[in-house]
Amino acid sequence: MKFVSTRDASQLFSLGEALFSGYAPDGGLLVPQWLPQVDEATLQKWSQLDYLDLSVEVLYPFVQDDMSRNELHELLEMALKGFDTDLKNLVPVVPMSLEGNNEAPNIFIAELFHGPTFCFKDFGLRVTIQWLNFFATRRNASVTLIVSTTGDTGPAAVQAVQDCNSSSRLGVLVHFPKGQISDFQRKQLTTATSTRVKIVAFQGGGDDMDVPIKNIIMTSKSIHTNDKNRVVCGVNSYNIGRPLMQMVHFVWTYLRVAERRKRDHPSENLQLDIVVPTGAMGNLAGCYMAKKMGVPLGILCAGVNINDITDVVFRTGKLERNIDQQLKKTLSDAINIQLPYNMERLLFYLTEQDHDQIRDWYSQLEGPGRFCDISTSNRWWSKLKSEFQSARVTDEELCEAMRSTLHQYGYWADPHTCVALAAAKKLGYWNEKSNPVAIMATAAPCKFQEAMTKALGVEKWQEYERLHFPTRGKILNEMKEIPTTVYASDATKTLAENQRDWEAKARELIEQFS
Ligand SMILES: N[C@@H](CCOP(=O)(O)O)C(=O)O
């Protein structure tokens with residue numbers, strides 16, 4: 001399998017090259033040249049597998065030019081170590097409704113948060129970082145990973161780097177917006193002691209570091225130049241490694257729901273709808289790729305907070321790069337986003353892999369107009385409306401979803417999962433006639449004391465702490481934080497000027513890794 005840019009099919013990249021870069025040289029995102037197809041018989045076989053073996057089956061076609069099946073198996077085994085549960089229960093898929101309660105009979109929750117840092121990012125990042133380590137060793141290269149986080153990606157990347165073997169030549173530089181991630185998430189970053197980890201707080205919002213990071217990657221010594229031995233590479237979800245691995249949990253969820261539904265609905269031809277709390281859209285991209293491979297997924301729904309660009313695109317077709325807009329603080333900060341990178345992959349698959357269309361839309365978006373309008377193409381606009389839905393969820397609605405989920409179903413859901421739950425309600429899934437739907441529970445409540453307390457009150461939070469707070473989380477809470485470097489923001493400068501300053505500082509820190 002080779003990889004190509006969403007904007008141009010003429011240049012082919014190996015898996016190693018695709019992973020080492022993050023972005024394609026033309027600024028597009030990398031995608032596999034084609035998607036392997038699965039049929040019912042394959043799904044039937046896959047339904048017998050544990051998570052590790054399923055991951056091997058799903059991913060092998062994408063990597064077979066570059067590594068053996070055994071190497072892939074070994075690498076995935078390393079990546080999936082450190083989860084709380086065994087390989088059969090890595091992603092529990094549980095019905096929302098308790099026995100005898102018929103209110104939400106078609107709703108399932110896929111718990112993606114049983115990994116080392118308590119969120120779904122552990123899947124994509126641990127595998128991507130193992131892949132990078134594998135190719136770095138093969139090339140004898142030193143690799144600096146660069147990350148922008150609104151709370152979840154950073155800790156998962158740090159942990160994954162620390163869990164690589166000691167001879168690893170990977171280092172990671174993580175940037176988080178000061179004061180805009182939870183205390184627990186900040187501690188996950190600022191307690192890292194490894195010399196392979198550098199943490200920076202910047203005085204900006206959500207994805208304000210994305211532009212500087214893209215500039216650094218595009219000029220780094222990876223696939224964009226000939227020096228293959230010192231690489232700077234981004235591991236946010238524009239990196240193809242992330243959505244590739246993130247496909248697996250959608251296949252897994254489909255198989256588990258299908259298994260359960262067979263008991264009560266033996267003749268049903270299951271088409272499973274999905275609701276994902278949506279920020280940069282890496283999860284939704286993985287989901288759509290799994291659907292395009294033939295997994296019977298139905299409508300894909302994005303639950304977003306009041307930073308609602310995805311909802312605007314899905315409702316109106318209008319995609320705008322509003323560079324001066326400030327991100328609004330929310331109780332679901334990890335999905336605060338101005339421009340979701342993976343919108344590009346989503347549109348690429350929506351248009352049946354039409355590179356010219358994507359190049360056209362993105363040159364408008366990245367041009368002076370900063371705007372493109374998908375609704376001007378009747379064909380793609382009606383396809384988008386038939387395949388995707390979205391709902392915008394305010395903090396009040398999120399809190400209400402958290403309370404009702406706990407009181408009615410006894411289920412503790414984190415604020416991001418609650419965005420998806422509230423979105424599912426708005427989209428009509430709380431109805432016995434609705435399609436079966438799986439809601440992605442993307443993080444564990446232990447990461448979000450402030451938001452959980454705000455929604456449920458102090459007493460309920462204390463109950464959660466007493467009965468459910470994970471021991472590893474308690475240990476983290478006792479650890480001493482190391483002061484971080486801060487990229488200051490100069491109020492007399494524009495955001496673009498501050499971003500240029502931050503970029504220069506990030507370049508200096510990257511130099512210190514070598
Ligand atoms: N929401 C993220 C930041 C961007 O997401 P990613 O999936 O592209 O890494 C976070 O929580 O850090």
Side-chain angles (χ1 to χ4, degrees), residues 19 22-23 29-30 112-113 115 117-129 132 145-161 172-178 180-182 184-186 188-189 199-202 204-214 217 233-247 249 276-289 302-305 307 309-310 327 329-346 414-417 419-420 440-444 447-448 451:
L19 292 164
Y23 290 99
L29 298 194
L30 290 154
L112 304 174
F113 53 76
T117 67
F118 309 106
C119 89
F120 81 98
K121 313 268 178 168
D122 285 322
F123 287 103
L125 277 155
R126 292 178 78 75
V127 176
T128 302
I129 286 171
L132 287 166
L145 311 178
I146 185 162
V147 176
S148 163
T149 187
T150 47
D152 282 335
T153 301
V158 166
Q159 191 64 45
V161 167
V172 62
L173 172 59
V174 178
H175 301 88
F176 72 90
K178 193 169 162 53
Q180 293 180 50
I181 63 176
S182 76
F184 189 95
Q185 290 169 318
R186 191 195 58 248
Q188 287 182 303
L189 295 170
I199 307 294
V200 174
F202 63 97
D207 52 4
D208 284 351
M209 267 308 288
D210 282 354
V211 170
I213 287 178
K214 187 168 183 180
I217 296 169
C233 128
V235 287
N236 282 99
S237 59
Y238 44 77
N239 190 310
I240 185 60
R242 299 274 310 279
L244 280 181
M245 181 59 187
Q246 286 167 191
M247 288 190 300
H249 52 247
V276 184
T278 303
M281 271 192 166
N283 225 358
L284 212 57
C287 182
Y288 199 30
M289 285 163 71
V304 302
N305 66 25
N307 299 294
I309 178 163
T310 298
L327 276 167
K329 183 145 179 55
T330 66
L331 295 176
S332 55
D333 281 335
I335 55 171
N336 288 353
I337 212 93
Q338 305 230 50
L339 188 60
Y341 337 101
N342 279 285
M343 181 70 81
E344 183 159 347
R345 284 200 179 100
L346 202 112
D414 97 288
H416 305 85
T417 307
V419 169
M440 296 294 126
T442 48
K447 300 185 94 170
F448 306 104

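In each ligand, atom 1 is the first atom listed, and ligand 1 is the first ligand listed.
Looking at every heavy atom in both residues, Asn239 comes nearest to Cys233 through ND2-SG, 4.1 Å. Between Ile337 and Gly279, the shortest heavy-atom distance links the atoms CG2-O, 3.4 Å.
The distance from the CG atom of Leu19 to the CD1 atom of Ile129 is 11.0 Å, given to the nearest 0.5 Å. Of the inter-residue distances, the one linking Asp333 atom CG with Phe176 atom CZ reads 12.5 Å to the nearest 0.5 angstrom.
No more than 12 heavy atoms of other residues, nucleotides or ligands sit less than 6.0 Å from atom NZ of Lys178.
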Using a cut-off of under 3.5 Å, which N/O atoms of ligand 1 pair up with protein N/O atoms, and what distance separates each pair?
unit_1, atom_1, unit_2, atom_2, d
ligand 1, 1 (N), Thr150, OG1, 2.9
ligand 1, 1 (N), Ala334, O, 2.6
ligand 1, 5 (O), Lys121, NZ, 3.2
ligand 1, 7 (O), Lys121, NZ, 2.8
ligand 1, 7 (O), Arg242, NH2, 2.8
ligand 1, 8 (O), Ser237, N, 2.9
ligand 1, 8 (O), Ser237, OG, 2.5
ligand 1, 9 (O), Thr153, OG1, 2.7
ligand 1, 9 (O), Asn236, ND2, 2.7
ligand 1, 9 (O), Arg242, NH1, 3.0
ligand 1, 11 (O), Thr150, OG1, 3.3
ligand 1, 11 (O), Asp152, N, 2.9
ligand 1, 12 (O), Thr149, OG1, 2.6
ligand 1, 12 (O), Thr150, N, 2.9
ligand 1, 12 (O), Gly151, N, 3.4
ligand 1, 12 (O), Asp152, N, 3.3
ligand 1, 12 (O), Thr153, N, 2.9
ligand 1, 12 (O), Thr153, OG1, 3.1

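By the side chain to side chain donor-acceptor pair (under 3.5 Å) test, Thr128 pairs with no residue at all, sequence neighbours left out.
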